[in-house]
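What follows is a single structure, written as structure tokens, with notes after it.
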Number of protein chains: 2
Amino acid sequence: MATLAERPRLDDVLEDLGYRMTPPRRLLARLLGNKAGSFSAEAIIEELPTVGRATVYRTLKLLVDAGILCKTALPDGAPRYSFDDARHHHHVICANCGKVEEFRKPVVERLLRAMAKEVGGAVVGHRVELYITCADCL
Amino acid sequence: MATLAERPRLDDVLEDLGYRMTPPRRLLARLLGNKAGSFSAEAIIEELPTVGRATVYRTLKLLVDAGILCKTALPDGAPRYSFDDARHHHHVICANCGKVEEFRKPVVERLLRAMAKEVGGAVVGHRVELYITCADCL
DNA sequence: GCCATAAGTGATACAACATATCACTACTGA
DNA sequence: TCAGTAGTGATATGTTGTATCACTTATGGC
């Protein structure tokens, strides 16, 4: 995951993408900017009672589409959002606390590419997730 | 995925697991026994209007827990059920028609095990999915 | 074959996560 | 300043399930 320091300022990102900077988006940007680990959409909604559900979901989607956030899931399927780093990567997810870390392994990509050749058809994507109980939770 | 011929008879499976064979379960077993590819729970519910939602979901869960069915997801997160083969495996999923195929690659397991050593914490599981557009859909 | 009983059932409510609609508001650029 | 469009929040709806609960029934022991 991009560290707090590396992270682009969210309001800048949204403006650069041509979106308007509105008070709800500023609130969201400020809140998300200080989030570590992963979070659920509902948590954000609770923390920003003045911002409507639809707006929270809309903005999260915007940020996911822009590659700023990444949407993953815990093993039980509960969706989590976390900051993303622009490069292609996979996730290590703590099944207990939901913390998400990224990893990049060219070997994984090579392997999947090789596998792609074996199956007929055109590969459109892949997903690799490793579930752990993190050191803090042990 | 287990081929139609290889597939154990579902009613036998349920009985062997100690479950009662009831009319709704027989209907489900007959319907699922003829399914190819993957399907959604809601499709089953529509096809069996005499069987309640709860019963369909309960029975699907039973079969997933028993290792007969496997629950995966399309790239957009829409859940799909497909027949499963008992051994550990991963999925190749057609993002267009939802067809699910299994693959086994010991290399993948070895790689994930190696990765597990690098991250702190205890590995509790993993998920690897390859999304394609299958030959039929091209 | 009968019966007790535990397992199973369906209707319905609820829950989590998200999108659609729509009248209203407020940025923004001209 | 002002028109036009992007954005907003309330609310309804959709999807995918799980919980509850009164009712029904399959099954094993006799």
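Chain naming here is simple, since letters A, B, ... match the order of the sequence lines and numbering starts at 1 in each. Just so you know, these numbers use all the heavy atoms, side chains as well, and skip hydrogens, waters and symmetry mates.
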* Asked: What does Thr50(B) touch in the nucleic acid at a heavy-atom separation under 4.0 angstrom: a base, only the sugar-phosphate, or nothing?
  ->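 Touches sugar-phosphate only.
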[X] side chain: which of [options] is closest?
X: Thr22(B); options: dG17(D), dT9(C), dG9(D); value: dT9(C)
X: Pro79(B); options: dG10(C), dG17(D), dT8(D); value: dG17(D)
X: Ala78(B); options: dG10(C), dG7(D), dT16(D); value: dT16(D)

* **Parallel, tilted or perpendicular: ring planes of His90(B) versus His126(B), cut at 30 and 60 degrees** =>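 Answer is tilted, since the angle falls between 30° and 60°.
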Tell me: [atom1] of [X] to [atom2] of [N], nearest whole Å?
X: Tyr19(B); N: dT9(C); atom1: OH; atom2: C1'; answer: 16 Å
X: Glu15(B); N: dT27(D); atom1: CD; atom2: P; answer: 6 Å
X: Arg80(B); N: dG17(D); atom1: CZ; atom2: C1'; answer: 16 Å
X: Leu69(A); N: dA18(C); atom1: CG; atom2: P; answer: 12 Å
X: Leu14(B); N: dA7(C); atom1: CG; atom2: P; answer: 16 Å
X: Met21(B); N: dA26(D); atom1: CE; atom2: P; answer: 11 Å
X: Leu27(A); N: dG7(D); atom1: CG; atom2: C1'; answer: 14 Å
X: Ile44(A); N: dC17(C); atom1: CD1; atom2: C1'; answer: 14 Å

Between [X] and [N], is there a contact of a side-chain N or O with OP1 or OP2 at under 4.0 Å?
X: Lys71(A); N: dA18(C); answer: yes
X: Tyr57(A); N: dA18(C); answer: yes
X: Tyr81(B); N: dG17(D); answer: yes

* For Arg25(B) and Tyr19(B), test the side chains for any donor-to-acceptor distance below 3.5 angstrom and give the result as yes or no. =>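 Side chains of Arg25(B) and Tyr19(B): no pair found under 3.5 Å.
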* Asked: Considering all heavy atoms of both residues, which atom of Cys134(B) and which atom of Cys94(B) are nearest to each other, and what is their separation?
  ->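 For Cys134(B) and Cys94(B), the tightest heavy-atom pair comes out as N-SG, 3.4 Å.
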* Which heavy-atom pair separates Ala41(B) from Val56(B) by the least distance, and what is that distance? ->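 In this case the closest contact between Ala41(B) and Val56(B) is O-CG1, 4.2 Å.
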* Tell me, do Ile45(A) and Glu42(A) make a side-chain contact under 4.5 Å, heavy atoms counted? ->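 Heavy-atom side-chain distance check passes, below 4.5 Å.
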Between the base of [N] and the side chain of [X], is there any donor-acceptor pair under 3.5 Å?
X: Arg53(A); N: dA18(C); value: yes
X: Arg20(A); N: dT5(D); value: yes
X: Arg58(B); N: dG17(D); value: no

* Residue whose nearest DNA chain D nucleotide is more 5′ - Leu62(A) or Ala54(B) ->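 Of the two residues, Leu62(A) wins.
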